[in-house]
Amino acid sequence: MPAALATALTGLLLGLSLIVAIGAQNAFVLRTGLQGTHVLPVVAVCALSDAVLIAAGVAGLGVLVDRAPVVLTVARLAGAAFLLGYAALAARRAWRPAGDALDAAGGSAPARLWPVVATCLALTWLNPHVYLDTVVLLGSVAGTHGGLRWWFAAGAAAGSVLWFTGLGYGARLLRPLFARPGAWRVLDAAIALVMAAIAVSLLRGL
């Protein structure tokens with residue numbers, strides 16, 4: 001196997017290992033996929049954001065983040081506030097679902113594009129963990145590959161594309177389960193707990 005391809009594969013596997021986990025961003029992509037609305041923009045925002053952050057890490061931004069911890073402190077506070085707000089909205093949907101917004105097709109009434117994109121951007125860029133994973137960790141590992149570091153970055157970015165595409169579009173396989181309003185209430189309750197737990201973990205890290 002050529003060295004460049006092997007390096008790209010290493011980046012792909014490490015990138016997947018970091019993003020394939022239950023988190024605020026993945027929960028949002030899953031819910032969007034289940035609703036079947038604006039899936040492509042959401043997947044594109046997540047994948048492109050990861051690509052930009054990975055490239056920044058490989059280019060050396062990770063060193064700056066390490067030397068300016070106040071950046072992550074601000075991100076922690078802003079991210080925790082946003083996640084708590086989103087958790088509250090999810091909890092409200094779970095407690096008092098809008099019955100007329102649920103249908104047998106397995107989703108809720110279509111939301112407008114820009115609020116969905118803005119929420120996705122906030123969940124991505126206000127999460128300090130994404131900077132630690134992509135900018136600092138992946139950037140540092142990429143640096144160990146010398147002249148092949150951009151192949152590593154390409155592989156890691158490809159991992160993000162594969163994961164978010166599969167999660168967003170693969171969620172439709174679960175739609176028969178979510179044809180029942182009760183399933184949506186369980187999902188929203190789980191999302192609320194995940195968001196709140198992540199927010200608390202961010203605040204405890206200060």
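Quick note: residue numbers are just sequence positions, from 1.
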Do [X] and [Y] come close enough that some side-chain heavy atom pair is under 4.5 Å?
X	Y	value
L138	L53	no
F164	V42	no
F28	I191	no

Cluster partners of L84, using ILVMFWY side-chain heavy atoms under 4.5 angstrom, listed by chain and number? none
From [X] atom [atom1] to [Y] atom [atom2], the distance as rounded to the nearest 0.5 Å:
X	Y	atom1	atom2	value
T119	W114	OG1	CH2	13.0 Å
S49	L123	OG	CG	11.0 Å
L14	L9	CG	CG	11.0 Å
I19	L167	CD1	CG	9.5 Å

What pairs of donor and acceptor atoms, side-chain ones from residues 150-161 against any protein atom, are under 3.5 angstrom apart with sequence neighbours left out?
unit_1 : atom_1 : unit_2 : atom_2 : d
S160   : OG     : D50    : OD2    : 2.7

ILVMFWY cluster, [X] and [Y] together (side-chain gap under 4.5 Å):
X	Y	value
V130	V52	yes
L121	L48	no
L40	V116	yes

For [X] against [Y], the heavy-atom pair lying closest together:
X	Y	value
A189	A94	N-CB, 3.7 Å
A91	A192	N-CB, 3.7 Å
C46	Q25	SG-NE2, 3.6 Å
V39	G33	CG2-CA, 4.0 Å

Please list, chain by chain and in numerical order, all residues satisfying side chain to side chain contact (heavy atoms under 4.5 Å, CB included) with [X], sequence neighbours excluded.
X	result
A171	L30, L34
L113	H38, P41, V117
A122	F82, L126

Report yes or no: does Y131 contribute a side-chain atom to a donor-acceptor pair with the main-chain N or O of W125 at less than 3.5 Å? yes
Verify, without hydrogens or angle tests, whether R185 (side chain) and W95 (backbone) share a donor-acceptor contact under 3.5 angstrom. yes
Could you walk me through whether T32 and V43 satisfy the side chain to side chain contact (heavy atoms under 4.5 Å, CB included) test, starting with their C-alpha distance in whole Å, then the side-chain angles of each, then the deciding distance to 0.1 Å, before giving a yes or no? CA-CA 9 Å; T32 301; V43 168; over 6 Å; no
According to the salt bridge (Lys or Arg N to Asp or Glu O under 4.0 Å) rule, which pairs have a member within residues 187-202, sequence neighbours left out? R31-D188, R93-D188
